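The first residue in the sequence is number 1, and the count goes up from there. Nothing here was measured: the structure is a model prediction, and the numbers come from that model.
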Amino acid sequence: MDFDDLLIRFFGTADIDTLEAERLVSGVELLRMQFGLERDGDRRFALWCLMYMLGVAPPAEDAFKDEDDREAARDFMEEADREIDDAG
């Protein structure tokens, strides 16, 4: 899943900085709902990554039953946080 495609799918734009608060809230609600319904592991992980980047992801321990998936989520969090720290 492409990051921009996910943004467009749930928020109607790839430029999330331009969203009105109401649209951001409704997009997050849709994203959470889809995450809960998604059964494909790769898609579910991509949705979780987007939620993490938006600050609304459930803890990896709650989101993933499989330890490998939880470890991948922790790796993603570390890398994403490192990128943010390097940019700031």
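The backbone N or O of Met77 lies less than 3.5 Å from no partner atom in the side chain of Arg82, so there is not a single donor-acceptor pair. At distances below 3.5 Å, not a single donor-acceptor pair connects side-chain atoms of Trp48 with backbone N or O atoms of Arg43. Between the side chain of Glu38 and the backbone N or O of Asp40 there is at least one donor-acceptor pair closer than 3.5 Å. Under a 3.5 Å cut-off, the side chain of Arg70 and the backbone N or O of Phe64 do form a donor-acceptor pair.
Val25 and Phe35 sit in two unconnected hydrophobic clusters of ILVMFWY residues. Membership requires side-chain heavy atoms under 4.5 Å apart, directly or through other members. Cluster annotation: Leu50 and Ile8 are assigned to distinct hydrophobic clusters (Ile/Leu/Val/Met/Phe/Trp/Tyr, side-chain heavy-atom contacts under 4.5 Å, transitive).
Atom CZ of Phe11 sits about 8.0 Å away from atom OG of Ser26, to the nearest 0.5 Å. Put simply, CG on Asp66 and CD on Glu71 are 11.0 Å apart, with the number rounded to the nearest 0.5 Å. Once rounded to the nearest 0.5 Å, the distance linking CG of Leu31 with CG of Leu54 reads 7.0 Å. In this structure, Leu7 CG and Arg9 CZ are separated by 12.0 Å, a value rounded to the nearest 0.5 Å. Between the CG atom in Leu47 and the CZ atom in Arg32 there is a gap of 13.0 Å [rounded to 0.5 Å].
Tyr52 is listed as a side-chain neighbour of Asp81, based on a closest heavy-atom distance under 4.5 Å.
By the 4.0 Å N-to-carboxylate-O rule, Glu61 lies close enough to Arg74 to be salt-bridged with it.
Residue-environment remark: CD (Glu22) stays at or below the threshold of 12 foreign heavy atoms within 6.0 Å. Atom CD of Glu20 has 12 or fewer heavy atoms from other residues, nucleotides or ligands within 6.0 Å.
Counting all heavy atoms, side chain and backbone alike, Ala80 lies closest to Met53 at CB-SD, 3.8 Å. In terms of heavy atoms, Met51 sits closest to Pro58 at CE-CD, 3.7 Å.
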